[in-house]
Amino acid sequence: MARFASLVLDIPTRALTAPYDYAVPEELEGDVAVGCTVLVNFSGRPAVGYVVAVSDDAPEGVDPEKVKPLEQVLAPSAFCSAQARLGLWMAREYAAPLNACFRLLLPAGQTVKVTKGDNGWSLDGSVPDAPEDRWVALTEKGRDFVPRANALRQREVLEGLAEGPQRLADLAAVSPGARGAVTALEKKGVVTVSSSLKTGAVDETSLSSARAPRPRVLTQGQRDALSAIARAREAADGSVVLVDGVTGSGKTEVYLQAIEETLAQGRTAIVLVPEISLTAQTVGRFRGRFGDEVSILHSRLSTGERRQQWELARTGHSRVVVGARSALFAPLDNVGLIVVDEEHEQSYKQDQAPRYHARETAAELARLHGAALVLGSATPSMESLERCREGSWRGVPWVRASMPERPGSAVLPAVSVVDMREQFRDRNGSPLSAPLRKALLETHAAGEKSVLLLNRRGFASFLMCRDCGCVPTCPHCSTSLTYHERTRELACHTCGSRWPARAYPDPGTVCPSCGSRYLGAYGIGTQRVEDELRALLPGAPIVRMDADTTKAKGAHQKLLEEFDASPGAVLVGTQMIAKGLDFPDVTLVGVVNADTSLKLPDFRAAERTYGLLEQVAGRAGRGEKPGRVLIQTYWPTHPAITSVAQHNRAAFVRYEMAMRREADYPPFTRLGNVTVSSTNEGLAERVVTQVADELRAATAGRPGWRVLGPTDCLKAKAKDRYRRHVLVKAPLSADLGAVLAEACREVDSRGTSVAIDVDACDLM
DNA sequence: AGCACGCCGACT
DNA sequence: GTCGGCGTGCTC
């Protein structure tokens with residue numbers, strides 16, 4: 001009986017849209033399975049392929065004469081057939097090249113390059129080093145050890161270890177500088193480092209005794225969420241549970257118990273977290289509960305370490321995989337549960353091909369495995385909320401489990417809004433309003449800490465000529481240049497170019513366009529705020545965190561340590577301070593300019609602003625002392641701002657949903673974006689026009705479809721490439737990726753690059 | 001991606 | 001009359 005294998009060929013082109021079939025020679029039958037990497041003769045040349053299906057039946061619709069035998073097996077199976085179907089689905093759903101989708105499924109370090117040796121061809125790529133297997137554990141006396149105030153790294157390590165022993169490699173990957181901290185702690189006798197906890201031959205006694213106990217009591221919300229997840233698992237159809245819980249409501253404990261139940265049924269689990277929240281403590285919580293049954297996949301692991309973690313999952317040694325976006329493709333069999341934490345995070349959308357959304361891809365994988373999908377968030381995406389309201393999406397049930405209570409006694413911070421228009425009328429030209437100044441003084445006087453958030457998204461300092469109105473722009477990009485006062489430079493945030501510059505009242509100032517000397521600086525930068533703070537609070541420790549001060553390796557960490565160790569300090573920074581920051585003695589959070597991101601020409605502007613404010617507001621008063629939040633805005637009536645102030649998310653969601661429905665935006669429609677870029681402006685223009693014409697021809701008369709544009713991208717020129725795009729709105733049931741791919745195939749796009757983005761998040 | 005097949009201009 | 005341009009299409 002002859003056998004046949006269906007292969008996805010690793011040839012980088014959109015032209016290959018389907019697998020090709022090859023015969024399996026008898027002598028290779030034992031080695032060929034779904035997930036294998038094989039070598040074939042493809043139109044006279046060697047090509048690498050991945051087996052997506054194996055069958056006893058000859059391929060249909062192919063001349064049997066043409067079916068060639070596959071030549072060699074290059075690597076054993078890396079994925080199962082559910083994952084193979086996921087790869088095929090992604091290629092179609094996201095109009096991505098097939099080979100790019102399948103590369104996601106390969107182990108770290110495997111390349112496509114092959115070289116000819118004595119025994120035929122072999123895959124390039126060195127076999128990864130055996131990764132170190134040193135484990136770090138707290139000693140008895142270490143449990144009571146309190147690190148010095150400024151030893152943030154040590155504290156991070158200890159927080160991670162409090163939940164159970166960890167691999168040194170994991171600690172180091174997740175927390176830079178952990179190696180040093182561990183060495184220091186070992187000297188003090190606080191921790192022990194041993195290689196006795198060999199993977200696969202675990203010292204059960206030391207590990208299980210170190211496992212964190214389950215809390216005895218769950219909140220009503222946690223119990224409800226768990227039973228909803230249990231029902232979803234029983235349905236075995238990819239059912240989704242949205243765990244809608246405020247910060248601190250115990251979502252992680254829900255995940256942990258849901259995973260325990262899944263493992264007890266002999267199935268496996270995948271947990272996705274945003275890269276930024278993959279901290280030592282997060283890893284520790286999972287390790288603490290599941291010991292070495294957990295694999296960690298993280299972009300900061302070395303290739304060898306990642307390969308090792310991957311191999312542990314493939315061989316069944318670990319049945320839980322925790323990691324960022326790409327952990328979704330870990331080689332786990334029989335997946336029963338997938339968790340996507342912070343499901344609203346935009347980082348789940350990949351911004352390079354394949355432009356997949358991890359939440360949507362997780363939903364498809366859950367469906368393919370008959371697993372349950374758990375989405376967690378304190379500010380769920382509009383998509384998830386709407387699907388739960390509808391009760392289903394793509395034929396699969398979606399339910400929302402609400403967890404409003406916080407275990408313990410933490411109280412919500414008092415949020416007040418400062419109307420900056422009044423400040424302007426009162427001749428206060430400072431970026432800090434009178435109420436915020438007062439609050440800063442009080443907080444500092446009490447020896448407590450403040451955090452000031454500068455919402456720089458879509459906003460920065462720039463130079464403008466008062467005479468002719470000209471704003472210097474980048475010659476390589478279409479963006480206006482950002483002015484850096486400290487270094488006296490104009491910088492392009494798109495391509496990174498920098499020029500020395502002078503601003504009024506410097507006597508050397510000259511407007512590049514009209515020669516006037518009234519070229520002045522506008523907008524508020526972190527430097528300006530820092531300067532104001534120094535004037536307001538002379539002698540107070542002020543830490544500034546932005547792209548400039550965190551560029552150096554480890555600078556991020558260092559600045560946080562500095563802030564942590566200084567009583568009465570103020571931290572000034574951009575978005576990056578909103579997430580993951582958890583200092584108990586911060587009692588004041590100020591948002592300097594809440595509304596700049598509201599004005600962006602992006603339909604998700606309000607949602608993002610709301611999310612950011614909600615998140616930053618949660619940073620106040622996490623310890624014993626109550627916190628307060630001051631939000632400065634020129635738009636105090638916008639629901640994204642009033643809803644945060646009133647702790648009324650429902651009001652925001654009601655407003656935002658109405659806007660989206662009105663304007664035909666997601667979650668009520670699908671949105672596709674095709675961007676054509678080229679160094680040749682006319683060529684980009686011609687190609688994008690043809691794409692738009694094809695799309696119009698393909699969708700004419702179909703209800704719910706609209707083709708908008710073409711128009712210049714918001715960044716009309718970037719890195720010397722001209723960029724134009726077409727937007728497509730389609731009904732929720734539409735096969736948007738297939739339609740976009742088909743239209744683009746019809747167009748001769750040589751000399752340009754065409755980026756298809758299905759369910760686009762970033763429309764810049 | 002490669003490499004065939006295929007139909008129009010300047011050469012032995 | 002042929003050699004060669006690279007435009008279109010196929011590869012299990």
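Note on naming: letters A, B, ... go to the chains in the order of the sequence lines (proteins, then strands), and numbering restarts at 1 for each one. Note that the structure is predicted; figures quoted are calculated from it, not measured.
Tyr22(A) places its OH atom 5 Å from the C1' atom of dC12(C), with the value rounded to the nearest Å. Note: CD (Glu71(A)) to C1' (dC12(C)) measures 13 Å, nearest angstrom. dG9(C) atom C1' lies 13 Å from atom CZ of Arg750(A), rounded to whole Å. As rounded to whole Å, 16 Å separates atom P of dC10(C) from atom NZ of Lys68(A). Remark: C1' of dT11(C) and CG of Leu70(A) are 16 Å apart, rounded to the nearest angstrom. Between the OH atom of Tyr50(A) and the P atom of dC12(C) there is a distance of 18 Å, given to the nearest Å. Atom CD of Glu65(A) and atom P of dC12(C) are 13 Å apart (whole Å).
At a threshold of 4.0 angstrom between heavy atoms, the contacts of Val62(A) include nucleobase atoms, whether or not backbone atoms are also involved.
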Would you tabulate the nitrogen or oxygen pairs shorter than 3.5 Å linking the protein to nucleotides 1-3 of chain B?
{"residue": "dA1(B)", "atom": "OP2", "partner": "Pro12(A)", "partner atom": "O", "Å": "3.2"}

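In this structure, Tyr20(A) has its ring center closer than 6.0 angstrom to the ring center of Phe42(A).
At least one donor-acceptor pair under 3.5 Å links the side chain of Thr669(A) to the backbone N or O of Ala730(A).
With Tyr356(A) as the aromatic partner, Lys349(A) does not meet the cation-pi criteria of under 6.0 angstrom to the ring centre and within 45 degrees of the ring axis.
A salt bridge between Asp333(A) and Arg314(A) is absent, with no side-chain N of the basic residue lying under 4.0 Å from a carboxylate O of the acidic one. Contact check on Glu345(A) versus Arg608(A) returns no salt bridge, with no Lys/Arg side-chain nitrogen under 4.0 Å from an Asp/Glu carboxylate oxygen.
Classification of the Tyr94(A)-Trp89(A) ring pair by plane angle, with boundaries at 30° and 60°, yields perpendicular.
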